[in-house]
Amino acid sequence: MSSTRASRSSAAIAPSSYPGERLGLPDHGRHSIGRAGRRIAALAIDWAIATVVSFLFFSNRSWADLDSWATLLVFAALQVVFIPTIGGGIGHRIVGLRVVNVRGGWVGVWRPVVRTALLAIVIPALVWDSDQRGFHDKVAGTALIRG
């Protein structure tokens with residue numbers, strides 16, 4: 001495909017009037033895209049849980065010895081385990097969010113692994129589209145919805 005054709009086809013996509021419209025999701029309420037406030041709260045809860053687990057098992061019970069790599073690995077493990085089993089991290093579920101496969105059906109195992117790996121390097125999570133999906137969600141084929 002030529003670059004001219006590619007630029008024409010991407011320019012033909014109309015901007016959505018609300019986040020999730022192109023995914024067929026409602027504007028607000030149940031099954032709408034999770035907004036930034038809930039996402040940040042969920043991330044903070046999940047990171048706090050990972051920090052406590054890391055403190056208890058990898059730090060000799062001293063905050064000064066807290067290993068940031070251990071905390072990151074615990075965080076990643078919690079995401080990879082809980083997204084396919086309960087629909088999201090513990091923080092997601094507490095604030096009423098779920099990670100779903102945008103094509104429907106079970107999110108599977110590979111999607112949480114890819115999503116979490118990209119989330120762990122932070123930058124992909126900071127790049128959003130008009131549907132308020134981070135690059136980590138786009139690559140994994142997932143969306144974070146109210147649920």
Side-chain angles (χ1 to χ4, degrees), residues 6 9-147:
S9 65
S10 63
I13 299 173
S16 51
S17 58
Y18 63 87
E21 178 182 29
R22 287 187 278 177
L23 300 171
L25 300 173
D27 182 17
H28 59 279
R30 188 168 168 83
H31 298 149
S32 65
I33 289 288
R35 302 305 200 265
R38 286 180 190 240
R39 289 170 183 256
I40 293 167
L43 179 64
I45 291 167
D46 286 338
W47 192 260
I49 292 168
T51 301
V52 169
V53 170
S54 178
F55 172 78
L56 292 173
F57 294 100
F58 303 107
S59 72
N60 297 325
R61 301 285 201 280
S62 167
W63 288 109
D65 291 336
L66 189 62
D67 184 349
S68 59
W69 287 108
T71 303
L72 181 62
L73 289 174
V74 169
F75 174 83
L78 291 172
Q79 296 298 302
V80 169
V81 167
F82 287 124
I83 288 173
T85 57
I86 65 171
I90 295 169
H92 291 138
R93 301 307 290 156
I94 288 173
V95 300
L97 296 175
R98 282 188 306 137
V99 177
V100 296
N101 179 348
V102 294
R103 290 179 180 83
W106 184 52
V107 75
V109 176
W110 75 268
R111 292 180 201 290
V113 170
V114 169
R115 183 183 190 278
T116 302
L118 291 171
L119 181 61
I121 58 175
V122 180
I123 302 301
L126 299 176
V127 179
W128 290 13
D129 66 4
S130 65
D131 287 318
Q132 292 187 1
R133 287 173 60 211
F135 187 67
H136 64 299
D137 276 322
K138 289 184 71 71
V139 170
T142 58
L144 191 57
I145 65 170
R146 292 178 61 185

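Note that the coordinates shown come from a computational prediction; the quantities given were computed from them, not determined experimentally. Along the sequence shown, the residues carry numbers beginning at 1.
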Provide the closest heavy-atom pair for [X] versus [Y] in the form atom of the first, atom of the second, distance.
X      : Y     : answer
Ala42  : Val95 : CB-CG2, 3.7 Å
Ile83  : Gly89 : CG1-N, 4.1 Å
Trp128 : Ala36 : CH2-CB, 4.0 Å

What distance do [X] atom [atom1] and [Y] atom [atom2] have between them, rounded to the nearest 0.5 Å?
X      : Y      : atom1 : atom2 : value
Gln79  : Leu119 : CD    : CG    : 6.5 Å
Ile121 : Thr116 : CD1   : OG1   : 12.0 Å
Leu97  : Leu43  : CG    : CG    : 11.5 Å

Keeping Ser54 on the side-chain end and Ala50 on the backbone end, is there a donor-acceptor pair under 3.5 Å? no

Please check: side-chain N/O of Tyr18 versus main-chain N/O of Leu25, any donor-acceptor pairing under 3.5 Å? yes

Indicate yes or no: at least one non-hydrogen side-chain atom of [X] is less than 4.5 angstrom from one of [Y].
X      : Y      : value
Pro112 : Val107 : yes
Trp47  : Leu72  : yes
Phe58  : Val74  : yes
Arg133 : Val102 : yes
Arg35  : Ile33  : yes
Phe75  : Thr71  : no

Using the test side chain to side chain donor-acceptor pair (under 3.5 Å), find all partners of Ser17 that sit at least two apart in sequence or belong to another chain. Glu21

Please walk me through it: do Leu66 and Thr51 pass side chain to side chain contact (heavy atoms under 4.5 Å, CB included)? CA-CA 8 Å; Leu66 189 62; Thr51 301; 3.8 Å; yes

Could you give all pairs that pass the side-chain hydrogen bond (donor to acceptor under 3.5 Å, both in side chains) test and reach residues 90-114, with sequence neighbours left out? His31-Arg98

Give me each pair satisfying side-chain hydrogen bond (donor to acceptor under 3.5 Å, both in side chains) with a member in residues 136-147, each pair once, sequence neighbours excluded. Arg115-Asp137, Asp129-Lys138, Asp137-Thr142

